[in-house]
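What follows is a short report on a single structure.
Predicted model only: the values in this text are computed from it and were never measured.
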Amino acid sequence: MLPRAAYVDPAVFAWERHHLFGGGWMCVGRSGQVASPGDMRAEAVGTGSVLLTRADDGVLHAFANTCRHRGHELLPCGASTQQKVIICPYHSWTYGLNGNLRAAAGFKNRPGFVAGEWGLVELPVTEWHGLIFVDGSGTAAPLADSLGALEDIVAPYEMERLVVAGQHDYDATANWKILTENYHECYHCPVIHPELCKVSPPRSGENYSAPGTWVGGWMDLRDGMETMSLDGASHGVPLRKLDETGLRTVIYVNIFPNLLVSLHPDYVMVHRLVPQAANRTLIECTWWFAPEAVQRPGFDPGYATEFWDITNRQDWQACESVQRGLSSPHAVPGPLSAEEDAVYQFVSMVARGYQGERVWNTGITARVS
């Protein structure tokens, strides 16, 4: 494991926010949340926040969420709105959806003031299978360079056409890495997840070994089980491009640093982690289904959401206990078992960052100090 300080020290967490969450690509939401011209949404990135906009030409933009006048936030973090222009709520500086300054009260025809020099600071943004990623550093290599090996695994699920039909938000008093490490192993499943073990053998499947800024693996469904639900039955429809293997497995993928994507035969579950402190993480959990399932009369996503809400809460309880245990000055992190190889892949990625290798930009040093 990583040293105890990695989970409890506020100074380490502050470094991570700057270098890991602000030093490269990070998932900030779903394409559907900024789908139409005029849609805007603000989300945390690194030590600040980003304003997402969909311009009139359909192009998605990401800007530092700070007015060029006095730095006021253009939109509160976590909020959404729909407007034809971006208006700062402090002094009404007005920008187009493409970030260009349109109006600044009292500055028109003022000598030396060039409106074209005061547009919003734009950051790289990209959409990947219905998810939005922003590069908080502005210097990372293209997202596809790090997720290329993952593309063939995710593509058959057609996430970009799926419909979000369920959402649960959680507030866990645990470090973001503890939550991610827990996601990467089922060594704990026989002890705390009886519902999961009923439908999926906890020691089934393997982990992938492929390049990129991601870690993942798969597990099998038990004979007679159609999906991950309390009784193993599906009340949706199988995702249309899955082969026979895809219909019998569940794939679990972590895209560094804050996204957990769980691919099921008939739905996709996404956890987006938003760290708040060394010992606190907000978790947005959404469930995505085929549109033909959601359009069925009487469709109820509860068969999936109820199963995973039970499982999520079991996990958060365990992770919060780990956090409390590691808060002891006598805690010494122990060895990982052979069944925790994906945990090892993840903590090694974090450790390389601590040692100076930026996860999204190899060759550029940013040491913990």
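Using a 4.0 Å cut-off between charged side-chain N and carboxylate O, D220 and R248 make no salt bridge.
Side chain to side chain, W176 and E16 meet the donor-acceptor criterion of an N or O pair below 3.5 Å. Counting only N and O atoms by type, the side chains of T227 and S229 include no donor and acceptor under 3.5 Å apart. No side-chain donor-acceptor contact under 3.5 Å links Q314 and N312. Using modelled atom types, one finds no donor on one side chain facing an acceptor on the other under 3.5 Å when comparing N207 with H184. Checking D300 against H235 by side-chain atom types alone, no donor-acceptor pair falls below 3.5 Å. Counted by atom type alone, T126 and W128 present zero donor-acceptor pairs between their side chains at under 3.5 Å.
In the hydrophobic clustering (ILVMFWY side chains linked at under 4.5 Å, chained through shared members), I87 is joined by V85. Clustering of Ile, Leu, Val, Met, Phe, Trp and Tyr side chains at separations under 4.5 Å leaves V121 isolated, with no partner residue. Cluster note: L74 groups with M40, L51, F63, L75, I86, W93, Y95, L97, L101, F107, F113, W118, L120 through ILVMFWY side-chain heavy atoms spaced under 4.5 Å, whether in direct contact or through intervening members. Cluster partners of V332: none. The rule joins Ile, Leu, Val, Met, Phe, Trp and Tyr whenever side-chain heavy atoms lie under 4.5 Å apart, and it links nothing here.
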> Run the side-chain contact (heavy atoms from CB on, under 4.5 Å) check on D231 and M225 step by step: do they pass?
Replying inline: CA-CA 8 Å; D231 59 2; M225 301 296 173; over 6 Å; no

> What's the verdict on side-chain contact (heavy atoms from CB on, under 4.5 Å) for V237 and Y267, showing C-alpha distance, side-chain angles and the deciding distance?
Replying inline: CA-CA 8 Å; V237 299; Y267 63 90; over 6 Å; no

> Going through the checks in order, is the side-chain contact (heavy atoms from CB on, under 4.5 Å) test met by F307 and T311?
Replying inline: CA-CA 6 Å; F307 171 88; T311 306; 3.8 Å; yes

>> Could you go through L60 and V34, starting from their C-alpha distance and side-chain angles, then the distance that decides it, and tell me whether this counts as side-chain contact (heavy atoms from CB on, under 4.5 Å)?
In response: CA-CA 8 Å; L60 179 69; V34 195; 3.9 Å; yes

>> One pair to check against salt bridge (charged side-chain N to carboxylate O under 4.0 Å, His left out): E292 and R161. What are the steps and the verdict?
In response: CA-CA 10 Å; E292 54 269 27; R161 75 178 288 268; 2.9 Å; yes

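With hydrogens and angles disregarded, no donor-acceptor distance shorter than 3.5 Å links the side chain of K177 to the backbone of V347. A donor-acceptor pair under 3.5 Å links the side-chain atoms of S204 to the main chain of P201, judged by distance alone. Side chain of E226 to backbone of S234: a donor-acceptor contact under 3.5 angstrom is found. Put simply, the side chain of D169 never gets that close to the backbone of L282: no donor and acceptor are under 3.5 Å apart. With H188 contributing its side chain and E185 its backbone, the two residues share a donor-acceptor pair below 3.5 Å. Side-chain atoms of N65 do not come within 3.5 Å of backbone N or O of A42 as any donor-acceptor pair. Remark: side-chain polar atoms of T66 are paired, donor with acceptor, to backbone N or O of G71 under 3.5 angstrom.
Residues satisfying the disulfide (SG to SG under 2.5 Å) test with C67, not counting sequence neighbours, are none. With sequence neighbours left out, C189 forms a disulfide (SG to SG under 2.5 Å) with C186. Taking T180 as the reference, nothing meets the side-chain hydrogen bond (donor to acceptor under 3.5 Å, both in side chains) condition, with sequence neighbours excluded. Evaluation of the side chain to side chain contact (heavy atoms under 4.5 Å, CB included) rule for Y183 yields Y252, L260, S262 as partners, not counting sequence neighbours. Listed by chain and number, the residues in a side chain to side chain contact (heavy atoms under 4.5 Å, CB included) with A174 are L179, C319, E320, Q323 (sequence neighbours excluded).
Proximity of W308 to C285: side-chain heavy atoms (C-beta onward) are nowhere separated by under 4.5 Å. Side-chain atoms of E151 and H129, non-hydrogen and from C-beta on, do get closer than 4.5 Å to each other. Residues M228 and L221 are in side-chain contact: their nearest non-hydrogen atoms beyond the backbone lie under 4.5 Å apart. Residues Y7 and L2 form a side-chain contact, since some pair of their non-hydrogen atoms from C-beta on lies under 4.5 Å apart. Proximity of D266 to Y303: side-chain heavy atoms (C-beta onward) are separated by under 4.5 Å at one or more points. In this structure the side chain of F346 reaches within 4.5 angstrom of the side chain of E181, judged on heavy atoms. Side-chain contact between P202 and P190 is present, with at least one heavy-atom pair separated by less than 4.5 Å. In this structure, V294 and P291 have side chains that are not in contact, with every pair of non-hydrogen atoms separated by 4.5 Å or more.
Distance check: L196 CG to D315 CG gives 8.5 Å after rounding to the nearest 0.5 Å. The distance from atom OH of Y157 to atom CZ of R240, rounded to the nearest 0.5 Å, is 15.0 Å. Here the CD atom belonging to E284 is positioned 10.0 Å from the CG atom belonging to N258, to the nearest 0.5 angstrom. Annotation: the span from L239 atom CG to L162 atom CG amounts to 6.0 Å, rounded to 0.5 Å. In this structure, F289 CZ and M269 CE are separated by 10.5 Å, a value rounded to the nearest 0.5 Å.
Residues W25 and F256 place their aromatic rings such that the two centres sit no closer than 6.0 Å. The aromatic ring centroids of H264 and W287 lie 6.0 Å or more from each other.
Enclosure of atom CZ in F299 by more than 12 non-hydrogen atoms of other residues, nucleotides or ligands within 6.0 angstrom is indicated.
Among residue pairs with one or both ends in residues 34-48, those qualifying as side chain to side chain donor-acceptor pair (under 3.5 Å) are D39-Q82, R41-E43, R41-S80, E43-R272; sequence neighbours excluded. For residues 309-342, the ring pair (Phe, Tyr, Trp, His ring centres under 6.0 Å) pairs, not counting sequence neighbours, are Y170-W316, H271-W316. Annotation: salt bridge (Lys or Arg N to Asp or Glu O under 4.0 Å) contacts involving residues 54-79, sequence neighbours excluded, comprise R54-E127.
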